[in-house]
Student: 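Have a look at the structure that comes next, please.
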Amino acid sequence: MTTRRPLTMAAAAAALLTLTGAAGHAQQGSAAIATGTVQKVDAAGRMLSLAHGPIPAIRWPAMTMDFPVTPGVDLSALTPGRQVEFTLAPRPGAGGGYVVTRVVPKG
């Protein structure tokens with residue numbers, strides 16, 4: 001018997017990108033700068049949920065996603081609702097995806 005589990009936001013976004021073909025057109029190997037709103041901060045797990053606008057550099061539409069965050073990024077000033085500018089870089093390895101390498105609160 002197989003147990004069904006709901007897709008996480010990240011899995012759903014990845015599926016959407018694959019279905020629309022956007023994932024294949026992303027400029028792998030380059031970083032992308034974007035703006036968004038913090039939805040959730042998991043400092044212990046080094047994860048950040050962001051509602052972001054379109055990111056033309058990687059051909060992503062506006063959406064809300066969970067991102068891993070590199071160890072050097074300070075998450076202490078981030079709270080839900082905070083506007084930020086952030087940088088995404090391709091995550092190394094076969095799994096693909098992106099990781100937040102910089103985040104700066106706005107205002």
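In what follows, every heavy atom counts, from backbone to side chain, and hydrogens, waters and symmetry copies are set aside.
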Student: How close do A31 and T87 get, counting heavy atoms only, and between which atoms?
Tutor: CB-CG2, 4.0 Å
Student: Can you name the closest pair of heavy atoms from Q39 and A51 and give their distance?
Tutor: NE2-CB, 3.5 Å
Student: So E85 and T35, side-chain hydrogen bond (donor to acceptor under 3.5 Å, both in side chains) or not? Walk me through it.
Tutor: CA-CA 4 Å; E85 179 180 276; T35 59; over 6 Å; no
Student: Show, in sequence, the C-alpha distance, side-chain angles and deciding distance for V103 and V69, and conclude whether the side-chain contact (heavy atoms from CB on, under 4.5 Å) test is met.
Tutor: CA-CA 9 Å; V103 61; V69 181; 5.7 Å; no
Student: Going by side chain to side chain donor-acceptor pair (under 3.5 Å), name the residues that satisfy it together with D42, two or more places apart in sequence or in a different chain.
Tutor: none
Student: Report whether M47 and Y98 are members of the same hydrophobic cluster (ILVMFWY, side-chain heavy atoms less than 4.5 Å apart, transitive linking).
Tutor: no
Student: Within a strict 4.5 Å, meaning less than it, do heavy atoms of the P105 and L78 side chains meet?
Tutor: yes
Student: Using side chain to side chain donor-acceptor pair (under 3.5 Å) as the criterion, list what pairs up with T70, not counting sequence neighbours.
Tutor: none
Student: May I have the step-by-step check of side-chain contact (heavy atoms from CB on, under 4.5 Å) for V38 and S49, ending in yes or no?
Tutor: CA-CA 6 Å; V38 174; S49 180; over 6 Å; no
Student: Shortest non-hydrogen contact from M65 to H52?
Tutor: SD-NE2, 4.0 Å
Student: Quick one: do V73 and F86 end up in the same hydrophobic cluster if we chain Ile, Leu, Val, Met, Phe, Trp and Tyr together by side-chain heavy atoms under 4.5 Å apart?
Tutor: yes
Student: Is the closest side-chain heavy-atom distance between P68 and R91 below 4.5 Å?
Tutor: yes
Student: Between V84 and L50, is there a side-chain heavy-atom distance shorter than 4.5 Å?
Tutor: yes
Student: Please give me the minimum heavy-atom distance between R82 and G107, naming the atom from each residue.
Tutor: NH2-O, 4.0 Å
Student: Which pair of heavy atoms, one from I58 and one from A32, lies closest together, and at what distance?
Tutor: CG2-CB, 4.1 Å
Student: In this structure, which one of I33, T101, V99, I55 forms a side-chain contact (heavy atoms from CB on, under 4.5 Å) with L88?
Tutor: I55
